[in-house]
Number of protein chains: 2
Amino acid sequence: MITLEAGVSPSTVSRILNGSAPVSAFKRDAVERVLTTRQFQPNALARGLVRGKTLTIGVLTQDIGSPFYGEILRGIEDVLAKTDYFSLIVSGHGNQKDEIAGMALLEARRVDGVIVLNGRLTDEQLLAYSEHLPVVATGRGCTFRNLFSLSIDQFHGAYLAVQHLIELGHTRIAYISGPEDNLDSTQRMRGYQKALMDNSLMYDSNLVVHADFRASGGTLAIHQLLTARRGFTAIFAANDQMAYGASLALYRLNIRVPEDISIVGFDDLPSSEFTMPPLTTVRQPVYQIGELAGKAVLGLIEHQPIQVQPLALNLIVRETTRRIRP
Amino acid sequence: MITLEAGVSPSTVSRILNGSAPVSAFKRDAVERVLTTRQFQPNALARGLVRGKTLTIGVLTQDIGSPFYGEILRGIEDVLAKTDYFSLIVSGHGNQKDEIAGMALLEARRVDGVIVLNGRLTDEQLLAYSEHLPVVATGRGCTFRNLFSLSIDQFHGAYLAVQHLIELGHTRIAYISGPEDNLDSTQRMRGYQKALMDNSLMYDSNLVVHADFRASGGTLAIHQLLTARRGFTAIFAANDQMAYGASLALYRLNIRVPEDISIVGFDDLPSSEFTMPPLTTVRQPVYQIGELAGKAVLGLIEHQPIQVQPLALNLIVRETTRRIRP
DNA sequence: CTGTTAGCGCTTTCAA
DNA sequence: TTGAAAGCGCTAACAG
């Protein structure tokens, strides 16, 4: 159509579109005129088919509306925006079945690489995918050839949080954990235990409650903890959202934070700066994780070495923790 | 490859893949065996190219990490998940340039339809897109042939919020607005003004501050409002996030909510149930908007009538508003 | 510098 | 019930 109207061959149009070979100014002008008047958009499907490359990076996230994954996606997007690549996001909904379906969808669309954000696929499954597709995964440590993993020391983050509470004089510290099969959550649990141990404090399993990483789970957890009637003066929540829910439950019971009970969260969601009082928490460099993951797939795709910048967790002390009353 | 290994023609494989024509049990078995062992994923690009249909719905959102748009996306996703369609999300970042680029990308990928979530494209631009592509848009009222708009009466929502404050005895009510060029925000402004008027209260432009829909904007707004030294006992914020920021600013200044000042937000983000105290706000049926938008594109694509279910805004009274002290 | 040709992986006639 | 052939829109190799 374009070719007819401009009186040139398809290859000439292609050459102009891609700048792949010199074209005379005359023909170029003619073609470009038609191109703009017709608002021509080259068919990405046809391109992908012939080039064997779609300039698309698949992203398997867990929850499309989550503030946590949202920030990672933003990091990925910003990195890709500087290139010709583009991200195709599918959600695994935190269950393996959907994750496998999502991966199938990405493969069917012939993405050039995949970023897998945490999730429940096994390392072996990931390795299998990486046989024919560059894969970058967060939250694990199984780098291998075409599979790049980037993990952050969750253990250490938890250790920092609990150490902080202990330094404030707390000795009875409850832990609101995530799902039992969640890797991040169990690593944080170990950090919690280690910090207690290093300070010669007893680990008491009655002070540990498993919840679901959501605010409502935090609320529930408080009720469980309270009915168990084990005294505690501080709470370490495995993520900020559960800390929110826990705070609300305490507020309802007229227990004040931080006067009566201190709380530390994990993640440092953007909103944690604006809770009341602002939440003391462990900051995950979420956006940077996204950026790094983005750069890593590109590196894998283009067979370039991947710059491994260390990602660290930091304790952000705000106003939900305070020295225990004498 | 599959064809060779199973000793059949490509058309036979295609027929099995699509169930488009009967195939003998014998060949079917042979092919299916190869299909599974090879973990064959039909190339979606090639399919799309030949069929002229990609089973993909483009979604132009504004902000990939936002809790508000995230909920809409979830609604869309859930509707599409029941069909063969799949959503391709691009972000417009709240500026027209990126939105146009995003639309171009979606067109290049030959999506079968587009959902445009608010944004800054003009109605005319949308209409132009709809010439060759089914378009569903939220937050406007310009339905026309291949363009379906769904809007919610923001005016009414604001009216409810302000009426509520007035009923509690407030007469000096500040409004923290969104950007001046934002349609939702200006409609809410009109609802605010109307409610004042209907109750014979003066509209005072000094009580109106424009911010950016983000928490930090709410914080800033409070400072502006306070330095202007116009007394007020209640605040209506054009969205929840600004209400969060405003609350924090007040807390810092030792002004208590709701004892000293009442606050009403807008949107009812999932987290608003867990703020402290829980936020009184106007609930937008965000998830339903997503669902409806999803159903609407499918309707447009398949030339089926679109079920228009009315979407209403509700005032959710929680704990940031109370009767003014005598 | 430019046009012709072949082919990416699939579906869809058309014959058989 | 099946295969051969054409073609979706593009790019890349090859001639010229």
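In what follows, every heavy atom counts, from backbone to side chain, and hydrogens, waters and symmetry copies are set aside. Chain letters run A, B, ... following the sequence lines, proteins first and then strands; every chain starts at 1.
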| task | For the pair B/R74 and B/E71, find out whether any cationic side-chain nitrogen is under 4.0 Å from an anionic carboxylate oxygen. | result | yes
| Quick one: is B/S24 getting a side-chain N or O under 4.0 Å of the D/dT2 phosphate, OP1 or OP2? | yes
| task | Return no unless some side-chain N or O of A/T12 is found under 4.0 Å from OP1 or OP2 of C/dG3. | result | yes
| note | Rounded to whole Å, the CZ-P distance (B/R109 to D/dC8) equals 22 Å
| Rounded to the Å, how far apart are B/R15 CZ and C/dG9 P? | 20 Å
| Rounded interatomic separation in angstrom, taking CD1 from A/I16 and P from D/dC10 | 14 Å
| request: Grab the CZ-P distance between A/R110 and D/dC10 for me, whole Å please. | output: 20 Å
| query | Looking at A/S11, does any N or O in its side chain come under 4.0 Å of the phosphate oxygens OP1/OP2 on C/dT4? | reply | no
| field | A/S14 side-chain proximity, nearest of D/dT11, D/dG3, C/dT11 | value | D/dT11
| Any salt bridge between B/R145 and B/E131, counting N to O under 4.0 Å? | no
| field | Length of the CG-P vector between B/L17 and C/dC10, whole Å | value | 8 Å
| field | Check against side-chain hydrogen bond (donor to acceptor under 3.5 Å, both in side chains), B/Q288 and B/Q309 | value | CA-CA 10 Å; B/Q288 286 85 329; B/Q309 55 194 237; over 6 Å; no
| query | Does A/V13 or B/A25 map to a spot on DNA chain D nearer the 5' end, using the closest nucleotide for each? | reply | B/A25
| message | Please list, in numerical order, the residues of residues 31-58 of chain B that have a heavy atom closer than 4.0 Å to any atom of DNA chain D. | response | B/L49, B/V50
| query | Does a donor on one side chain sit under 3.5 Å from an acceptor on the other, for A/Y129 and A/N146? | reply | no
| task | Quickly, which of A/T56, A/T54, A/L45, A/L88 forms a side-chain contact (heavy atoms from CB on, under 4.5 Å) with A/R109? Name it, please. | result | A/L88
| query | For B/D98, which of B/H93, B/R120, B/Q62 qualifies under side-chain hydrogen bond (donor to acceptor under 3.5 Å, both in side chains)? | reply | B/H93
